[in-house]
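To find a chain, count down the sequence lines: A is the first, B the second, and so on, and within it residues start at 1.
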Number of protein chains: 2
Amino acid sequence: MRHAADTFGILLRERGVQVTAQRVALMRAVAEHPHATADILADQVRAVIGTVSRQAVYDSLGVLVDRGLLRRIQPAGSPARYEGRVGDNHHHLICRECGATVDVDCAVGAMPCLIANDDHGYEIDEAEVVYWGRCPACRSAAHP
Amino acid sequence: MRHAADTFGILLRERGVQVTAQRVALMRAVAEHPHATADILADQVRAVIGTVSRQAVYDSLGVLVDRGLLRRIQPAGSPARYEGRVGDNHHHLICRECGATVDVDCAVGAMPCLIANDDHGYEIDEAEVVYWGRCPACRSAAHP
DNA sequence: ATCAAATACTTGACTGAGTCCAGAATCAAG
DNA sequence: CTTGATTCTGGACTCAGTCAAGTATTTGAT
């Protein structure tokens with residue numbers, strides 16, 4: 001997967017983010033494990049480049065999110081999760097039991113995809129939608 | 001406010017929740033401070049009945065949420081907040097800068113008020129919507 | 001009204017997720 | 001290859017919340 005690694009390097013440079021082994025490995029880890037937590041990603045990165053501090057992982061995730069290369073989602077009752085699919089304002093469908101998360105396309109796509117019927121004077125820039133339910137696995141496990 | 005206190009007692013009993021001074025005080029605190037955090041509520045309760053352990057606050061909030069007397073909301077980057085308005089699946093509008101939270105009526109009203117266009121086999125029971133933006137105060141503070 | 005059983009509360013230690021800090025290492029331009 | 005900026009490391013720390021064991025309160029049956 002040499003090619004993919006290069007691609008990430010270019011992506012980073014484009015956004016003015018310094019290119020380091022950790023960051024490239026992180027980008028790759030996110031691409032391979034969408035909706036993973038910082039811990040899981042740290043493990044993935046360690047599997048590839050040996051050792052990374054937790055701090056470096058948080059720092060890099062922070063930078064990458066800031067520069068719009070990653071998106072952070074923070075569902076209730078779960079640590080933050082990260083995904084590489086940015087810029088299309090899609091939503092998420094999360095299993096109440098096991099936390100399994102899948103993407104759901106937004107019919108609108110553009111950034112506040114829903115209009116509040118009373119904005120209370122706020123300047124709204126995003127409508128975040130989370131669908132809660134039970135995934136197929138948990139449903140069948142529930143009534144055997 | 002003797003009357004309100006009685007009302008809360010009756011409410012609790014109706015839902016099969018044991019009536020204690022702490023719980024009544026908690027219900028009242030939530031009614032008076034919608035969208036408050038557990039800490040703020042604990043302080044409110046202490047101001048009324050002297051002393052409460054943090055644990056009691058968390059326990060009671062948990063029970064009250066379970067029995068449908070309160071609703072817990074967990075916005076990204078903030079501790080959990082509680083409100084007494086339950087059963088109508090309204091949404092929230094939160095200030096990115098100061099966290100100020102206001103209720104927004106759900107345009108549709110019914111419980112999963114938005115239908116995902118692909119449910120991935122999930123059994124969806126709720127569509128949670130959070131509008132993110134800047135409140136009037138933070139807007140005017142930003143460009144003086 | 002009383003008493004036992006069920007339920008709730010207190011205290012204090014503990015966990016998980018994330019942040020802060022200061023010094024060491026690494027990077028990208030000149 | 002040097003330099004100044006950026007990033008990484010390790011360790012201490014914070015914040016929000018949970019666990020566990022013992023004590024107190026509420027409740028429902030007498």
Calculate the interatomic distance between [X] atom [atom1] and [N] atom [atom2]; express it in whole Å.
| X | N | atom1 | atom2 | value |
| --- | --- | --- | --- | --- |
| B/Leu61 | D/dA16 | CG | P | 14 Å |
| A/Ile40 | C/dA17 | CD1 | P | 10 Å |
| B/Asp39 | D/dG17 | CG | C1' | 10 Å |
| A/Asp59 | C/dT19 | CG | C1' | 10 Å |
| B/Asp66 | C/dA8 | CG | C1' | 15 Å |
| A/Arg72 | C/dA17 | CZ | C1' | 12 Å |
| A/Gln55 | C/dC21 | CD | P | 11 Å |
| A/Arg15 | D/dT6 | CZ | P | 19 Å |

Requested in this report: Could you give me the CA-CA distance, side-chain angles and deciding distance for A/Val63 and A/Gln18, then say whether side-chain contact (heavy atoms from CB on, under 4.5 Å) is met?
Outcome: CA-CA 10 Å; A/Val63 170; A/Gln18 209 166 282; over 6 Å; no

**Report entry** Sugar-phosphate, base or nothing in reach of B/Val19, heavy atoms under 4.0 Å
**Finding:**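 The residue B/Val19 makes sugar-phosphate contact but no base contact.
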
Query raised in the report: What is the nucleic acid contact for A/Thr51, judged by heavy atoms within less than 4.0 Å: base, sugar-phosphate only, or nothing?
Result: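 It contacts sugar-phosphate atoms only.
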
Query raised in the report: Below 4.0 angstrom from OP1 or OP2 of D/dT7, is there any side-chain N or O of A/Ser60?
Result: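 The answer is no; no side-chain N or O of A/Ser60 sits under 4.0 Å from OP1 or OP2.
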
Requested in this report: Establish, with yes or no, whether the OP1 or OP2 oxygen of C/dC27 is under 4.0 angstrom from a side-chain nitrogen or oxygen of A/Thr20.
Outcome: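 Result: no.
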
Query raised in the report: How many angstroms lie between atom OG1 of A/Thr37 and atom CG of A/Leu61, to the nearest 0.5 angstrom?
Result: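 Here the rounded value is 10.0 Å.
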
Report task. For B/Gln18 and for A/Ser53, locate the closest nucleotide of DNA chain D by heavy-atom distance; then report the residue assigned to the nucleotide nearer the 5' terminus. Result ->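 Taking each residue's closest nucleotide, the earlier one in sequence belongs to A/Ser53.
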
Query raised in the report: Which nucleotide in the list C/dA17, C/dA8, D/dG17 gets nearest to the side chain of B/Arg23?
Result: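 Nearest nucleotide to the side chain: C/dA8.
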
Query raised in the report: To the side chain of B/Val52, which of C/dG18, D/dG17, C/dT10 is closest?
Result: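 Closest of the options to the side chain of B/Val52: C/dT10.
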
Query raised in the report: How about A/Glu83 and A/His33: does a side-chain donor come under 3.5 Å of a side-chain acceptor?
Result: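 Judged by distance alone, the side chains do not pair up.
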
Query raised in the report: Just checking, is any N or O donor in the side chain of A/Asp103 or A/His91 under 3.5 Å from an acceptor N or O on the other one?
Result: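 Looking only at side-chain atoms, A/His91 and A/Asp103 do not form any donor-acceptor pair under 3.5 Å.
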
Query - No-H, no-angle donor-acceptor pair, B/Gln22 side chain to C/dC9 base, under 3.5 Å - result: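 Side chain to base: no pair present.
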
Query raised in the report: Is any side-chain N or O of A/Arg54 under 3.5 Å from a base N or O of D/dG10, one able to act as donor and the other as acceptor?
Result: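 Under the 3.5 Å cut-off, the side chain and the base do not form any donor-acceptor pair.
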
Query - Candidate list A/Glu123, A/Glu128, A/Glu126, test salt bridge (Lys or Arg N to Asp or Glu O under 4.0 Å), partner B/Arg96, passing option - result: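 Passing option: A/Glu126.
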
